[in-house]
Amino acid sequence: MAPLVFLFGSFFLFLFINRYLLKNKFSFSFIGRAALSVMLVVTGSAHFAAPDLMIAMMPDAMPMKREVVYLTGVLEFLAVIGLLIERLSKLTAIMLIIFFICILPANIIGSFKEVPIGGMENGPAYLYFRIPLQIFFILWAYYFGIRINSRQRRDNYGA
(Lines give C-alpha, C1' and ligand atoms only; values in the text may rest on other atoms or scores of the structure.)
Protein backbone atom coordinates (compact mmCIF):
# COMPACT_ATOMS: atom_id res chain seq x y z
CA MET A 1 0.00 0.00 0.00
CA ALA A 2 2.87 2.41 0.79
CA PRO A 3 4.15 2.38 -2.82
CA LEU A 4 0.71 3.44 -4.05
CA VAL A 5 0.54 6.25 -1.49
CA PHE A 6 3.98 7.53 -2.51
CA LEU A 7 3.12 7.23 -6.21
CA PHE A 8 -0.13 9.20 -5.99
CA GLY A 9 1.08 11.59 -3.31
CA SER A 10 4.17 12.63 -5.23
CA PHE A 11 2.26 12.75 -8.52
CA PHE A 12 -0.31 15.22 -7.23
CA LEU A 13 2.32 17.22 -5.36
CA PHE A 14 4.44 17.47 -8.54
CA LEU A 15 1.38 18.44 -10.58
CA PHE A 16 0.57 21.22 -8.13
CA ILE A 17 4.17 22.51 -7.99
CA ASN A 18 4.52 22.33 -11.76
CA ARG A 19 1.31 24.22 -12.41
CA TYR A 20 1.32 26.87 -9.73
CA LEU A 21 4.99 27.42 -8.95
CA LEU A 22 6.83 26.42 -12.11
CA LYS A 23 4.21 27.58 -14.65
CA ASN A 24 4.09 24.17 -16.43
CA LYS A 25 7.83 23.88 -17.00
CA PHE A 26 7.71 20.09 -16.94
CA SER A 27 5.69 17.78 -19.21
CA PHE A 28 2.91 15.57 -17.92
CA SER A 29 5.04 12.59 -18.93
CA PHE A 30 7.96 13.81 -16.81
CA ILE A 31 5.70 14.34 -13.79
CA GLY A 32 4.37 10.78 -14.07
CA ARG A 33 7.89 9.41 -14.44
CA ALA A 34 9.12 11.50 -11.49
CA ALA A 35 6.31 10.14 -9.30
CA LEU A 36 7.21 6.60 -10.34
CA SER A 37 10.81 7.43 -9.42
CA VAL A 38 9.74 8.48 -5.91
CA MET A 39 7.91 5.18 -5.53
CA LEU A 40 10.99 3.28 -6.71
CA VAL A 41 13.21 5.06 -4.19
CA VAL A 42 10.86 3.85 -1.45
CA THR A 43 10.62 0.27 -2.74
CA GLY A 44 14.32 0.10 -3.61
CA SER A 45 15.23 1.26 -0.11
CA ALA A 46 13.26 -1.64 1.35
CA HIS A 47 15.67 -4.04 -0.36
CA PHE A 48 18.45 -2.68 1.87
CA ALA A 49 16.43 -1.87 5.00
CA ALA A 50 14.63 -5.24 5.22
CA PRO A 51 16.53 -7.73 3.06
CA ASP A 52 15.50 -10.72 5.19
CA LEU A 53 11.82 -10.04 4.50
CA MET A 54 12.57 -9.76 0.78
CA ILE A 55 14.51 -13.03 0.94
CA ALA A 56 11.52 -14.72 2.61
CA MET A 57 9.43 -13.85 -0.47
CA MET A 58 11.67 -15.85 -2.80
CA PRO A 59 11.32 -19.48 -3.82
CA ASP A 60 13.09 -21.81 -1.40
CA ALA A 61 15.22 -23.36 -4.15
CA MET A 62 16.52 -20.04 -5.46
CA PRO A 63 20.27 -19.58 -4.98
CA MET A 64 22.01 -16.34 -3.91
CA LYS A 65 18.85 -14.78 -2.54
CA ARG A 66 20.53 -11.95 -0.62
CA GLU A 67 22.55 -10.96 -3.68
CA VAL A 68 19.40 -10.95 -5.82
CA VAL A 69 17.62 -8.74 -3.27
CA TYR A 70 20.47 -6.23 -3.30
CA LEU A 71 20.74 -6.39 -7.09
CA THR A 72 17.04 -5.70 -7.57
CA GLY A 73 17.29 -2.79 -5.13
CA VAL A 74 20.15 -1.34 -7.17
CA LEU A 75 18.15 -1.89 -10.36
CA GLU A 76 15.26 0.11 -8.88
CA PHE A 77 17.65 2.97 -8.04
CA LEU A 78 19.08 2.87 -11.57
CA ALA A 79 15.54 2.99 -12.94
CA VAL A 80 14.98 6.19 -10.95
CA ILE A 81 17.85 7.81 -12.82
CA GLY A 82 16.79 6.40 -16.18
CA LEU A 83 13.22 7.63 -15.82
CA LEU A 84 14.41 11.18 -15.17
CA ILE A 85 16.81 11.36 -18.11
CA GLU A 86 14.71 12.11 -21.17
CA ARG A 87 16.72 10.10 -23.70
CA LEU A 88 16.77 7.02 -21.41
CA SER A 89 13.20 7.23 -20.15
CA LYS A 90 11.51 5.10 -22.82
CA LEU A 91 14.05 2.27 -22.56
CA THR A 92 13.89 2.48 -18.77
CA ALA A 93 10.08 2.23 -18.86
CA ILE A 94 10.31 -0.88 -21.05
CA MET A 95 12.82 -2.43 -18.67
CA LEU A 96 10.63 -1.54 -15.69
CA ILE A 97 7.64 -3.25 -17.25
CA ILE A 98 9.73 -6.41 -17.66
CA PHE A 99 11.00 -5.99 -14.10
CA PHE A 100 7.47 -5.60 -12.69
CA ILE A 101 6.42 -8.79 -14.48
CA CYS A 102 9.48 -10.66 -13.17
CA ILE A 103 8.93 -9.70 -9.53
CA LEU A 104 5.25 -10.62 -9.45
CA PRO A 105 6.00 -14.29 -8.60
CA ALA A 106 7.88 -13.13 -5.47
CA ASN A 107 4.76 -11.28 -4.34
CA ILE A 108 2.66 -14.37 -4.97
CA ILE A 109 5.09 -16.60 -3.05
CA GLY A 110 5.32 -14.03 -0.25
CA SER A 111 1.56 -14.03 0.18
CA PHE A 112 1.42 -17.81 0.42
CA LYS A 113 4.27 -17.75 2.97
CA GLU A 114 2.49 -14.85 4.75
CA VAL A 115 5.66 -12.76 4.89
CA PRO A 116 5.04 -9.81 7.25
CA ILE A 117 5.60 -7.00 4.76
CA GLY A 118 3.25 -4.83 2.74
CA GLY A 119 0.10 -6.83 3.38
CA MET A 120 1.45 -10.27 2.50
CA GLU A 121 0.84 -11.32 6.10
CA ASN A 122 -2.83 -11.54 5.08
CA GLY A 123 -2.08 -14.60 2.99
CA PRO A 124 -3.35 -15.35 -0.51
CA ALA A 125 -6.25 -12.90 -0.11
CA TYR A 126 -3.59 -10.19 -0.47
CA LEU A 127 -3.26 -11.18 -4.14
CA TYR A 128 -6.72 -9.77 -4.91
CA PHE A 129 -5.12 -6.38 -4.26
CA ARG A 130 -1.51 -7.01 -5.24
CA ILE A 131 -1.97 -8.46 -8.72
CA PRO A 132 -4.18 -5.57 -9.91
CA LEU A 133 -1.72 -3.18 -8.24
CA GLN A 134 1.17 -4.72 -10.17
CA ILE A 135 -0.81 -4.38 -13.39
CA PHE A 136 -1.47 -0.74 -12.47
CA PHE A 137 2.29 -0.13 -12.01
CA ILE A 138 2.93 -1.72 -15.41
CA LEU A 139 0.29 0.50 -17.03
CA TRP A 140 1.70 3.59 -15.28
CA ALA A 141 5.21 2.85 -16.60
CA TYR A 142 3.79 2.27 -20.07
CA TYR A 143 1.60 5.38 -20.14
CA PHE A 144 4.06 7.90 -18.72
CA GLY A 145 7.28 6.30 -19.95
CA ILE A 146 6.31 5.14 -23.42
CA ARG A 147 2.95 6.28 -24.71
CA ILE A 148 2.67 9.96 -23.88
CA ASN A 149 6.44 10.32 -23.59
CA SER A 150 6.81 9.35 -27.27
CA ARG A 151 3.88 11.56 -28.30
CA GLN A 152 5.30 14.58 -26.46
CA ARG A 153 8.70 14.05 -28.09
CA ARG A 154 7.10 13.96 -31.54
CA ASP A 155 5.13 17.12 -30.78
CA ASN A 156 8.22 18.91 -29.44
CA TYR A 157 10.60 17.90 -32.22
CA GLY A 158 8.26 17.49 -35.19
CA ALA A 159 9.35 13.89 -35.78
side-chain contact (heavy atoms from CB on, under 4.5 Å) partners for A56, two or more places apart: V115
Between atom OG1 of T92 and atom CD1 of I81, what is the distance when rounded to the nearest 0.5 Å? 9.5 Å
Not counting sequence neighbours, which residues clear side-chain contact (heavy atoms from CB on, under 4.5 Å) with V68? List them please. M58, M62, T72
Looking only at the side chains, is there a donor atom on one of R33 and S37 sitting less than 3.5 Å from an acceptor on the other? no
With sequence neighbours excluded, give me every salt bridge (charged side-chain N to carboxylate O under 4.0 Å, His left out) pair touching residues 37-59. D52-R66
Heavy-atom closest pair, residues A79 and L40: CB-CD1, 3.9 Å
Please indicate whether F48 has more than 12 foreign heavy atoms, meaning atoms of other residues, nucleotides or ligands, lying under 6.0 Å from its CZ. yes
Just grab all the salt bridge (charged side-chain N to carboxylate O under 4.0 Å, His left out) pairs involving residues 92-111, residues at least two apart or on different chains. none
Side-chain heavy atoms under 4.5 angstrom apart, residues restricted to Ile, Leu, Val, Met, Phe, Trp, Tyr: same cluster for I109 and F112? no
In chain order, what residues pass the ring-ring contact (aromatic ring centres under 6.0 Å, His included) check against F26, with sequence neighbours excluded? F30
Once ring-ring contact (aromatic ring centres under 6.0 Å, His included) is applied, do any residues pair with F129, and if so which ones, sequence neighbours excluded? none
Can you name the closest pair of heavy atoms from P105 and C102 and give their distance? CD-O, 3.2 Å
Donor-acceptor list for residues 4-12 side chains, cut-off 3.5 Å, not counting sequence neighbours:
residue: S10; atom: OG; partner: F6; partner atom: O; Å: 2.6
residue: S10; atom: OG; partner: L7; partner atom: O; Å: 3.3

If you take all heavy atoms of G44 and F77, which pair is closest and at what distance? C-CZ, 3.7 Å
Going by side-chain contact (heavy atoms from CB on, under 4.5 Å), name the residues that satisfy it together with A93, two or more places apart in sequence or in a different chain. I146
Check the pair Q134, I103 against side chain to side chain contact (heavy atoms under 4.5 Å, CB included), reporting the backbone distance first and the verdict last. CA-CA 9 Å; Q134 197 76 5; I103 64 169; 3.4 Å; yes
Does L15 belong to the same Ile/Leu/Val/Met/Phe/Trp/Tyr cluster as L21, with side-chain heavy atoms less than 4.5 Å apart forming each link? yes
What pairs of residues pass the salt bridge (charged side-chain N to carboxylate O under 4.0 Å, His left out) test when at least one of them lies in residues 102-116, not counting sequence neighbours? D60-K113
Qualifying residues under ring-ring contact (aromatic ring centres under 6.0 Å, His included), relative to Y128, sequence neighbours excluded: none
Have a look at L36 and tell me which of L83, V80, L84, I31 forms a side-chain contact (heavy atoms from CB on, under 4.5 Å) with it. L83
Quick check on ring-ring contact (aromatic ring centres under 6.0 Å, His included): which of F137, Y142, F136 does W140 satisfy it with? F136
Scan residues 132-146 for pairs that pass salt bridge (charged side-chain N to carboxylate O under 4.0 Å, His left out), counting only residues two or more places apart or in two chains. none
Do you know which two heavy atoms are closest between L127 and N107, and how far apart they sit? CD2-O, 4.0 Å
Of all heavy-atom pairs linking E121 and G118, the shortest is OE1-N, 4.2 Å
With K23 via side-chain contact (heavy atoms from CB on, under 4.5 Å) - residues at least two apart: none
